[in-house]
There are 2 protein chains.
Amino acid sequence: MDFDIMGSNAKSAERILSVADTNQKNKALEAMAEALTANAESIISANSVDLEQGQKNGMTESLLDRLRLTPQRIEGMSEGIRQVAALADPIGEIIEGSVRPNGMKIRRVRVPLGVVGIIFEARPNVTSDAAALCLKSGNTCILRGGKEAIHSNTAISEVLRKAIASVGLPADCVQLVTDTSRESANQMMRMNKYLDVLIPRGGAGLIKAVVENSTVPVIETGVGNCHVYVDKSADIDMAANIIFNAKTSRPSVCNAIETILVHKDIADKALPAIKAKLDSKNVEIRGCARTAEILGSSIVPATENDYAVEFLDYILACRVVDSIDDAIEHISKYSTGHSECIVTSDYFCAEKFTSMVDSAAVYVNCSTRFTDGGEFGLGAEIGISTQKLHARGPMGIRQLTSSKFIIQGDGQIR
Amino acid sequence: MDFDIMGSNAKSAERILSVADTNQKNKALEAMAEALTANAESIISANSVDLEQGQKNGMTESLLDRLRLTPQRIEGMSEGIRQVAALADPIGEIIEGSVRPNGMKIRRVRVPLGVVGIIFEARPNVTSDAAALCLKSGNTCILRGGKEAIHSNTAISEVLRKAIASVGLPADCVQLVTDTSRESANQMMRMNKYLDVLIPRGGAGLIKAVVENSTVPVIETGVGNCHVYVDKSADIDMAANIIFNAKTSRPSVCNAIETILVHKDIADKALPAIKAKLDSKNVEIRGCARTAEILGSSIVPATENDYAVEFLDYILACRVVDSIDDAIEHISKYSTGHSECIVTSDYFCAEKFTSMVDSAAVYVNCSTRFTDGGEFGLGAEIGISTQKLHARGPMGIRQLTSSKFIIQGDGQIR
């Protein structure tokens, strides 16, 4: 790959896209959505090459399922693009402004980030999701998917590029890195001259590699070791419902919980009620000694590691704690800073938990599963940031923007 | 240095500082300001050790001057801390909020970044400036100054730490890395477990090293290859005044200009007027062939490199351009994205320049020297960001914050 050429094409396209008006961008998105549906057959045929290769290489059925495209799934991708088109355009928004004592008028205006790089893994729908979110927010993008999905990603990106060009915007608004070697990923992580940000989307391993090797500014996303703390004042039914929902509604996602902490004064009553609900989905509980005392010998003893990992499965760690302070201490030690919840009816405990717990989303009496751009009302999301710089929590199109100061004067000097 | 101990001390202190109220933080700042004045003598005596060492090592007089502390300069540091105390506290601000259709109440609240690392060079006043800005914004900080100032920095940080402890906040709100080896800087750049952000303050070499080697998120600051474009519709006197001010009022700073671009239709009249003003400060002009045609043989021919570098001196590159588009093209090629200015009386040219030029601060008819936290009304600044992620342009205490979502419900599940 010639990353210098791709980078400079992305920059040239950005100069046009960054000043395109909302109508033009929405027209491009509409064309992208239509083109995906119209070209579903050829995309599915490219996808079948990836699937065959995957089967040959012994890919698991769940990975193959992530990779698989069907007419319905492609319709879903089109629908996703139309939803992005329907979002308000953040570009040009005046964030703040004032007149200085010397008469200079200053305003801070929302502008695109510029060129966004995204490195992702096996799911080809990320190609269209990311392209749509970037385009709406005025950013050109350079996408690099996994080698497992290269034929699918190539077909999708060609369709999108043609659609963008058909409305008079540069095809290079969206570019795909077709070299899926490790070397190409490393080169991309050093494209400081061209990339304004790099967003890894995928498992913990990918994210760690990008954070450690990238010289381009990175937004860390999506690793969630999330907790529910059941306070001694909790409504036990509510706690059991929230825990059941947060653990079992979709265990493989980052906003699912991995550990519950239960106050010792309520553990005797709460733990059996919680276990009864979890048993209906055969959730394995790994507990501390006090948990086992209450729930009996079916409880697997929890190791230190059980508190530290994302199970992403029907497994839940459990610890009985002496106080809300111990719960907060546990969370501060093990959490990845994604989402945590307290179930309580005590005003001061709710206040303490929300102010002391340092995570992107802190809940009182509701499921952590709500940490999501759509659920928060931000529209579609490009990921969930677990870092504090730039964006934190679900990232919608506004989080794909920067700002600049525009200063108007009539000859002021300093 | 044991960075694990420093990091974990910073985190512990952060848990207390992040929820300290404004009164407490202001008391600490007041104590810090008083303590600097009260201990001026011992700080100056530590500083004299650095100065002696510097003289022995052949430090230039201008570097020695940056390093030197006097009673007046220490008073200035105290005054700087008091100004930070007077700023509004950004922490706790509700940035946005809404009620979701299911009744969940979501609010996004401003919180500290957490632990801020700052790597800086020879100026010991950065120790107190950075400590004050971090403390007011609820951040603990780990500071690493240059080895030239180690005795001064140690003395200042000890004074500040005692002052902070005297009002009941943890001394570890401010920590100084006393090992000034290159290895210690490298270790600091990899403190991802503890540092939420790393801000380099210093020359282009330091900033490049940090950007290239840090795995902690970095905010790039302060390299400014700034431009003034003189449009054909410009008021020539205004253009000459702005250029004179932006070049000569303080040539060594990042918001000073390095290149002017002059429209060919006005160059005949504008260039001699500009040169006449610049001559009063003996500014050397390095120009293109057309510049030399107009201004005569005293003009040094400009090389490609002259357009690319920060002179930080009484030197100015000059190019005659055919159009505003050529000017924008030149800026997009050579600018570091700091500050640029158009001098014009044409509405459409002003609009085009401010929308097409992709820099942190874009001026119409005023000097680029205004790019500064104080001048923009943000209060004291920790630096001027030239990247687009997180913060862009002058960074005040608000730019040292992040946010978190707090979600209140009564049993909602998804």
Side-chain angles (χ1 to χ4, degrees), chain A residues 11 15 18-19 98 100 104 106 108 111 113-114 192 196-197 211-212 215 217-219 235 238 241-242 244-246 249 332 350 354-356 358-367 369-371 375-377 387-390 392-394 402-414, chain B residues 11 15 18-19 98 100 104 106 108 111 113-114 192 196-197 211-212 215 217-219 235 238 241-242 244-246 249 332 350 354-356 358-367 369-371 375-377 387-390 392-394 402-414:
Chain A
K11 282 261 181 211
R15 278 216 282 283
S18 66
V19 293
S98 65
R100 299 301 304 153
M104 287 192 321
I106 301 194
R108 193 156 71 89
V111 297
L113 278 172
N192 294 55
D196 293 288
V197 60
V211 168
E212 287 188 353
T215 52
V218 169
I219 298 182
D235 175 315
M238 188 190 285
N241 278 331
I242 287 173
F244 180 74
N245 177 262
S249 62
S332 112
T354 52
S355 77
M356 295 292 289
D358 188 24
S359 293
V362 186
Y363 291 86
V364 180
N365 296 329
C366 37
S367 172
R369 289 277 291 110
F370 288 108
T371 305
E375 296 294 332
F376 277 14
Q387 72 181 34
K388 294 198 211 166
L389 216 63
H390 187 71
R392 195 179 194 198
S402 179
S403 64
K404 73 178 173 193
F405 289 97
I406 294 177
I407 306 98
Q408 295 175 289
D410 49 12
Q412 284 84 348
I413 58 172
R414 185 177 171 191
Chain B
K11 282 261 181 209
R15 278 215 284 283
S18 66
V19 293
S98 65
R100 299 301 303 153
M104 285 191 325
I106 300 193
R108 192 155 71 89
V111 297
L113 279 172
N192 294 56
D196 293 288
V197 61
V211 167
E212 287 187 353
T215 52
V218 169
I219 299 181
D235 176 311
M238 189 189 286
N241 278 331
I242 287 173
F244 180 73
N245 178 263
S249 61
S332 112
T354 53
S355 76
M356 296 293 289
D358 188 21
S359 292
V362 187
Y363 292 84
V364 180
N365 296 329
C366 35
S367 171
R369 289 277 291 111
F370 288 108
T371 305
E375 296 294 331
F376 276 15
Q387 72 181 34
K388 293 197 211 167
L389 218 61
H390 187 73
R392 195 177 194 199
S402 179
S403 64
K404 73 178 172 192
F405 289 97
I406 294 177
I407 306 99
Q408 296 174 289
D410 48 13
Q412 283 85 349
I413 56 173
R414 186 176 170 194

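The sequence lines fix the lettering, A, B, ..., with proteins before strands; numbering per chain opens at 1.
- Interface residue A:Ile106: only side-chain heavy atoms are found under 4.5 Å from chain B.
- Note that CD of B:Gln412 and CE of A:Met238 are 8.0 Å apart. Values are rounded to the nearest 0.5 Å.
- Among A:Phe244, A:Phe370, A:Tyr363, the residue making the largest number of heavy-atom pairs under 4.5 Å with chain B is A:Phe370.
- There is no contact between B:Ser18 and chain A, counting heavy-atom distances below 4.5 Å.
- Proximity to chain A (any heavy atom under 4.5 Å) is restricted, for B:Asn192, to the side chain, taken from C-beta onward.
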Handout entry: Test log, rule side chain to side chain contact (heavy atoms under 4.5 Å, CB included), inputs A:Val19 and B:Met356
Key = CA-CA 7 Å; A:Val19 293; B:Met356 296 293 289; 3.9 Å; yes
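- Heavy atoms of B:Arg392 lying under 4.5 Å from chain A belong to its backbone as well as its side chain.
- Contacts with chain A were tallied for B:Asp358, B:Asn365, B:Ile407, B:Asn241; B:Ile407 has the most, counting heavy-atom pairs under 4.5 Å.
- Using a 3.5 Å distance cut-off with no hydrogens or angles, the side chains of A:Arg15 and B:Ser332 do pair a donor with an acceptor.
- Of the possible donor and acceptor atoms, one in the side chain of B:Arg414 sits under 3.5 Å from a partner among the backbone N and O of A:Arg369.
- Looking at B:Phe376, the atoms closer than 4.5 Å to chain A (heavy atoms on both sides) sit in the backbone and in the side chain alike.
- The most heavy-atom pairs under 4.5 Å with chain A, out of B:Gly114, B:Gly393, B:Ser403, come from B:Ser403.
- Looking at B:Val197 and A:Gln387, their side chains never come closer than 4.5 Å, going by heavy atoms from C-beta outward.
- When B:Ala361, B:Gly377, B:Cys366 are compared by the number of non-hydrogen pairs under 4.5 Å with chain A, B:Cys366 comes out ahead.
- Not one N or O on the side chain of B:Lys404 forms a donor-acceptor pair closer than 3.5 Å with the backbone of A:Lys388.
- The contact between B:Asn245 and chain A is made entirely by side chain atoms (from C-beta outward), counting heavy-atom distances below 4.5 Å.
- Not a single side-chain hydrogen bond (donor to acceptor under 3.5 Å, both in side chains) links B:Asp196 to another residue, sequence neighbours left out.
- Both the backbone and the side chain of B:Val211 come within contact range of chain A, judged by heavy atoms closer than 4.5 Å.
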Practice task
Dump the intermediate steps for side chain to side chain contact (heavy atoms under 4.5 Å, CB included) on B:Leu389 and A:Ile219, then the final yes or no.
Solution key: CA-CA 9 Å; B:Leu389 218 61; A:Ile219 298 182; 4.1 Å; yes
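- Of the possible donor and acceptor atoms, none in the side chain of B:Ser367 sits under 3.5 Å from a partner among the backbone N and O of A:Ile413.
- Among the candidates B:Met104, B:Arg108, B:Gln408, the residue making the largest number of heavy-atom pairs closer than 4.5 Å to chain A is B:Met104.
- Interface remark: of the candidates A:Pro394, A:Ser249, A:Ser355, A:Ala350, A:Ser355 forms the most heavy-atom pairs closer than 4.5 Å to chain B.
- Interface remark: A:Ala360 contributes backbone atoms only to the contact with chain B (heavy atom separation under 4.5 Å).
- In terms of non-hydrogen atom pairs under 4.5 Å with chain B, the most contact-rich of A:Ala246, A:Pro217, A:Gly411 is A:Gly411.
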